[in-house]
Amino acid sequence: MLTALSVGPTPPGAAAQTLAVTGATIIDPLADAPVPDGVVVMQDGRITAAGVAGAVDVPAGTPVIDASGKYVIPGLMDGNLHLFLNLDLETLIKYEGRYHEIVLEAAQLTLKTGQTTVFDTWGPLGALARARDIINAGEAPGSRIYFAGNIIGFDGPLSADFRAAAAAHVSKSFVRRTNDAWVHGTGRDLMWMTPDSVRAAIREYTGTGVDFLKYGSSSHVEMYFISFSERVQRVIVEEGHRAGMTVQTHTTSVESLDMAIEAGVDIITHGDISGPVVPIPMETMRKLVERDIAVSVLPITQRRLEALQEHNPDWVLTPYMQIARENQARMIEAGVSMLLSTDAGIKHPVLLAESPTIASDTVDQRVKLGEGHFNAMAALEELGMAPMEILRSMTSNVARAYEMEDEIGSLQPGMIADLVILDANPLEAARNYRAIHAVIKDGRRVDIDALPVAPIISVLKPDPPP
């Protein structure tokens, strides 16, 4: 049941006002069942009451959104995306010093499609912080941003971990500036260090303004390599927890996953990826459940998997995706706490049009902001996840994993007033999450038709064919 709780402080950027949504079916992931003909009352950016009509008082003079026949859910979340993922040289050069504008565009694309909170797990720290602060101050619309900055143990965009070949075409100075915008002393050099030296580096990094930590238990390009020893992984986790942060890790193999579990992480990022051959053993699945470790997963539809196998069979991740679907199904069966994630960024329309693998790239895309989360929901439905669990995977499970369940992720009184109003019932079909009627963030209705406000990447047009 939806019950009254004490109301917390006004969230950043929320101006004093009241708003009510009436007539809708309230679907709260923490409730026993949907509430038909429901009412949600919001004041000063918080939910003050939620329940069936007649049991909830709407203060006189409160603006009302009549949502009769519609469905209200909490604001959606992505547990693992990258608001700045445009690593092509053109973008890196042209927008140097303006990366925060692309982050803002990305945060507006996510907000437009129902994601009121996003967790950025790799990106340029300064640009992410600047965009976050602009949004929180109410100077621009956008999803609420929490970020990790660099993946500890990885180097920057123009390095062996990402686009090393591109570095030969620009100055060494530009390469250094670009990589430094991501790394901030937490790159591959740490893999040479003793645990005490790594501890000092991580302690310094926790003071840079990041919201949580993410490190590589396995490498990014050499996915079968272990990045850090068990004792160094424990040091990273200890320092993150000492700073009051959640700690997650990037894993791409069974052994890197198991080592991260033993290190005491809170979240395994794309922990459904276990390589091209071997699925995750049930013993490891049981550890995840027993130790209450959440796993952010990268679901793709069967249609996308078949497109990859037909049109892009030699891509390194194609067999990984097949094994990942097996792992996801086993996680559902085992009761692992799963977080919907996409690894998405803004798709560059020109580069997409010129892609040699466009036949598969455009089928049920996962890594396209504003689209990938809808396809991921459909994939979880295909795998047999219960409808309410699909909702939890992008609301309450994410909030709980990031230790923010007292603020976001449900429609309980006292929570930040983030809501999505849908024209169709999401518990009947995952495709109905696309039927967005309205988005409310911090108790204010978002003008989703105006988003993104000042697009840079998403509006680019491919050249016409010759």
Side-chain angles (χ1 to χ4, degrees), residues 13 78 80-150 156-158 162-163 166-167 169-171 174-175 177-182 342-355 358 361-362 365-374 436 439 441 446-464:
D78 192 319
N80 163 48
L81 50 59
H82 310 290
L83 296 169
F84 190 101
L85 196 60
N86 299 92
L87 307 184
D88 58 285
L89 274 181
E90 290 181 34
T91 299
L92 291 173
I93 294 169
K94 184 175 182 179
Y95 296 102
E96 185 180 14
R98 298 174 56 194
Y99 294 167
H100 68 285
E101 296 177 25
I102 296 175
V103 174
L104 284 171
E105 177 184 2
Q108 291 165 8
L109 288 170
T110 53
L111 183 61
K112 182 184 185 77
T113 52
Q115 299 166 90
T116 52
T117 303
V118 296
F119 295 86
D120 189 297
T121 66
W122 181 76
L125 189 156
L128 288 163
R130 187 171 177 184
R132 174 197 62 190
D133 294 346
I134 288 171
I135 291 169
N136 286 351
E139 297 170 7
S143 299
R144 188 176 299 104
I145 299 172
Y146 297 97
F147 66 89
N150 194 36
L158 301 178
F162 295 95
R163 305 286 181 88
H169 302 284
V170 290
S171 69
F174 180 79
V175 170
R177 288 197 310 272
T178 301
N179 287 339
D180 285 349
W182 269 256
T342 61
D343 257 353
I346 304 177
K347 275 286 187 180
H348 193 306
V350 176
L351 295 177
L352 180 63
E354 296 177 356
S355 170
I358 192 170
D361 293 344
T362 53
Q365 298 178 73
R366 170 176 59 81
V367 294
K368 181 181 179 181
L369 283 182
E371 176 69 20
H373 64 303
F374 292 134
I436 294 177
V439 176
K441 176 174 176 272
V446 177
D447 183 0
I448 58 177
D449 292 334
L451 300 179
V453 173
I456 294 173
I457 304 297
S458 62
V459 293
L460 294 174
K461 302 294 184 183
D463 292 333

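Because only heavy atoms are used, hydrogens play no part in the values below, and waters and symmetry mates are left out as well, while side chains stay in.
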Could you list the residues that satisfy side chain to side chain donor-acceptor pair (under 3.5 Å) with [X], not counting sequence neighbours?
| X | value |
| --- | --- |
| Asn179 | none |
| Trp122 | Asn150 |
| Asp78 | Thr342 |
| Ser355 | Thr357, Asp361 |

Exercise for the section: Taking side-chain contact (heavy atoms from CB on, under 4.5 Å) as the test, write out the residues that go with Ala127, two or more places apart. Expected result: Tyr99, His100, Val103, Pro124
Practice task
Name all residues meeting the ring-ring contact (aromatic ring centres under 6.0 Å, His included) criterion together with Phe374; count only those two or more places apart in sequence or in a different chain, and write none if there are none.
Solution key: none
Spacing of [X] atom [atom1] and [Y] atom [atom2] [to the nearest 0.5 Å]:
| X | Y | atom1 | atom2 | answer |
| --- | --- | --- | --- | --- |
| Leu128 | Leu104 | CG | CG | 10.0 Å |
| His348 | Glu354 | NE2 | CD | 8.5 Å |
| Leu369 | Leu85 | CG | CG | 8.0 Å |
| Tyr146 | Thr117 | OH | OG1 | 6.0 Å |
| Leu81 | Phe119 | CG | CZ | 9.5 Å |
| Phe84 | Ile346 | CZ | CD1 | 9.0 Å |

Identify the two heavy atoms, one from [X] and one from [Y], that lie closest to each other, and give their separation to 0.1 Å.
| X | Y | answer |
| --- | --- | --- |
| Phe174 | Ser171 | N-OG, 3.0 Å |
| Ala140 | Gln108 | CB-NE2, 4.3 Å |
| Leu158 | Ala167 | O-CB, 4.1 Å |
| Ala107 | Ile145 | CB-CD1, 4.1 Å |

Handout entry: N/O donor-acceptor pair under 3.5 Å between Thr116 side chain and Lys441 backbone
Key = no
Handout entry: Check: His373 side chain, Thr113 main-chain N or O, donor-acceptor pair, under 3.5 Å
Key = yes
Practice task
Compare all side-chain heavy atoms of Ile135 with those of Arg144 and state whether any distance is below 4.5 angstrom.
Solution key: no
Tabulate below the donor-acceptor pairs under 3.5 Å that side-chain atoms of residues 446-461 make, not counting sequence neighbours, or state none.
| from | atom 1 | to | atom 2 | distance (Å) |
| --- | --- | --- | --- | --- |
| Asp447 | OD1 | Asp449 | N | 3.4 |
| Ser458 | OG | Glu105 | OE2 | 2.6 |

Fill in the blank from the handout: Taken in chain and number order and not counting sequence neighbours, the residues that satisfy salt bridge (Lys or Arg N to Asp or Glu O under 4.0 Å) with Arg177 are Glu96
Problem - Counterpart residues, salt bridge (Lys or Arg N to Asp or Glu O under 4.0 Å), relative to Arg98 (two or more places apart) - result: Glu101
Problem - Within residues 121-143 or reaching into it, pairs that qualify as salt bridge (charged side-chain N to carboxylate O under 4.0 Å, His left out) - sequence neighbours excluded - result: Arg132-Asp211
Problem - Verdict with supporting geometry, Leu92 and Val170, side-chain contact (heavy atoms from CB on, under 4.5 Å) - result: CA-CA 11 Å; Leu92 291 173; Val170 290; over 6 Å; no
Problem - Lys347 and Val367: CA distance, side-chain angles, deciding distance, side-chain contact (heavy atoms from CB on, under 4.5 Å) verdict - result: CA-CA 8 Å; Lys347 275 286 187 180; Val367 294; 3.5 Å; yes
Practice task
Can you run down the side chain to side chain donor-acceptor pair (under 3.5 Å) pairs that involve residues 80-90, sequence neighbours left out, and say none if there aren't any?
Solution key: Asn80-Thr121, Asn80-Asp343, His82-Asp343, Asp88-Thr91
Practice task
Any chance you could lay out the side-chain contact (heavy atoms from CB on, under 4.5 Å) test for Thr178 and Ile93, step after step, and finish with the verdict?
Solution key: CA-CA 9 Å; Thr178 301; Ile93 294 169; over 6 Å; no
